[in-house]
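First the proteins, then the strands, lettered A, B, ... as listed; each starts at 1.
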Protein chains: 2
Amino acid sequence: MSGERHASAEKEGTLHSRILGDLERHILSGDWPPGHRLPFEVDLATQYGCSRMTANKVLTQLARAGLIERRKKSGSFVSQPVGQAAVLEIHDIEAEVRALKLAYAFRLEKRARRVASAKDRLHLELAEGAPILDLTCLHLAGERPFCLEQRLINLATVPEAEAETFLDMAPGAWLISRVPWNTAEHRIQALAATAETATSLGIARNAACLVIERRTWGASGPVTFVRFTYPGDRHALVARFQPGGEGA
Amino acid sequence: MSGERHASAEKEGTLHSRILGDLERHILSGDWPPGHRLPFEVDLATQYGCSRMTANKVLTQLARAGLIERRKKSGSFVSQPVGQAAVLEIHDIEAEVRALKLAYAFRLEKRARRVASAKDRLHLELAEGAPILDLTCLHLAGERPFCLEQRLINLATVPEAEAETFLDMAPGAWLISRVPWNTAEHRIQALAATAETATSLGIARNAACLVIERRTWGASGPVTFVRFTYPGDRHALVARFQPGGEGA
DNA sequence: ACGGTTATAATGTATATACATGTTTTCACG
DNA sequence: CGTGAAAACATGTATATACATTATAACCGT
């Protein structure tokens, strides 16, 4: 009620996180099913002996995380568990290999500067005849091929790339550290290995491969298109998901 | 500054969202590269003619979204674009089929109640001899097989499932609407079709298939394990990502 | 110089208050 | 008896203030 002024560290953590934790627990445990109305801001404030502002901030955070929906006059309600979204971490390949406790290496197999063909324009939104850099490189785990990377870099957006040899640094890492981007689109498929990729990766022709394609845009237009091809029987993507789980 | 008291709707949107937008623009455009220190709370407050609390809330939100890192005494800094996380939406299969403008149907091919074997316990954390429901069903788009679903349901956690026939409602949709969950783990692989799955899906043996496995936990333990097998040449997962992009 | 204490700068959390905004309920008037 | 204006309600946004926390900087005596 009267509210003993600010945090006196009575038990553990801040009031904010205590309230947040309690509400999340009620929601995630199913104790409060979707559609259930949670206490009003003023009631929460009374219950925890805090101001409405504090309760408001907690509820606002839950709403941003998608766990609840808020309606004026009506109150706040537990959301339906909407489409199952998973945070898919696509690691840096070097990190991926090292996570397997294997030595990492890569080999540049192709580096060509040319103008965009019609086929390239399917992958990246490019003007006709726009200059691009076409790279292919093979990532190795220990002695064995791990992943084949085929990449197009838009030289209109990233002119610095033309001066780079990509002999010492993989193009992915180089781009990440130099070029800002703000949107990426991924496409994940299972495809049979073509004769070419089978040779590069040292697998049987038509073997199942996991193919991940990524297109990236920056403020000044399309940046890069990349296709990673992994031997399917040796690789898996893993994604973990907790609703409302912010990146701590 | 004196700060003209609350929102007088001078231009557009709230002060909060204007500041947020401005900062995001600076960061995403690369204008402020990773490591760059952004203005202190008090400076932002002065600049926008608002109180420090307002600036603080904006910065706090950016920090939660992972765009910036904050250090006491030092200030707030643009984060390194860490591991590329993409929000991967795994749609409901029915929605997926309808998005292709095809008729949706499903057929239950197997429904068995049994106790967990050692192999089942690899998929789901189960006690030895725990009762489970073992389901297989085929999802159809138009007349053609679209996806094969193989599912284990933990009857210890979801006893209601035993009374359900799953003839009218697909097990995925049934579970979503009835059983609360709080953690899911996905595994995505490319695998060659086994003889069985090839027959079910009407594809060639050894054809590349996209396999998505999901394990789900609720408050009272493991809920379900499911494996979706899609003919690889006919299906792709698509994920779009914008850093700091909250679910509106 | 060195190492420890003190000051200071920046963020973190919380309060009380004020007014805006959008819904729902109520109630009075025709 | 309906309908439209007014009141009540719950959230949304913003302010000013206070004190806590913590990392860095400044100081200071030995």
Of the listed nucleotides ([options]), which one gets closest to any side-chain atom of [X]?
X     : options                : value
A:T14 : D:dT21, C:dT13, D:dT15 : C:dT13
A:S76 : C:dA14, C:dG12, D:dT11 : D:dT11
A:F40 : D:dA10, D:dT15, C:dA14 : D:dA10
B:S74 : D:dT11, D:dT24, D:dT17 : D:dT24
B:E41 : D:dA16, C:dG12, C:dA16 : C:dG12

Can you check the [X] [atom1] to [N] [atom2] distance for me, whole Å?
X     : N      : atom1 : atom2 : value
B:Y48 : D:dA14 : OH    : P     : 13 Å
A:K57 : D:dA14 : NZ    : P     : 13 Å
A:Q61 : D:dT11 : CD    : P     : 17 Å
A:R52 : C:dC19 : CZ    : C1'   : 11 Å
A:L44 : C:dA14 : CG    : P     : 14 Å
A:R71 : D:dA10 : CZ    : P     : 14 Å
B:M53 : C:dT11 : CE    : C1'   : 12 Å
A:I19 : C:dT15 : CD1   : P     : 8 Å

**Closest-nucleotide 5' rank along DNA chain D - winner of A:N56 and A:K73** =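 Its nearest nucleotide being more 5', the pick is A:K73.
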
Residue pair [X] / [Y], side-chain heavy-atom distance below 4.5 Å:
X      : Y      : value
A:Y104 : A:E96  : no
A:F106 : A:M169 : no
A:T224 : A:W181 : no

**Message:** Would you compute the distance between atom CG of A:L124 and atom CD1 of A:I132 and round it to the nearest 0.5 angstrom?
**Reply:**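 Output value for this atom pair is 8.0 Å.
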
**Message:** Using heavy-atom distances to pick each residue's nearest nucleotide on DNA chain C, tell me which of B:L38 and A:H16 is more 5'.
**Reply:**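 Between the two, 5'-proximity favours B:L38.
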
**Asked** Any idea how A:Y230 and A:F228 line up, ring-wise: parallel (<30°), tilted (30 to 60°), or perpendicular (>60°)?
**Response**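 Taking A:F228 first and then A:Y230, their aromatic rings sit tilted (interplane angle of 30° to 60°).
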
**Prompt:** Can you tell me if the side-chain N/O atoms of B:T54 get under 4.0 Å from OP1 or OP2 in D:dT15?
**Reply:**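 True: B:T54 side-chain N/O within range (under 4.0 Å) of D:dT15 OP1/OP2.
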
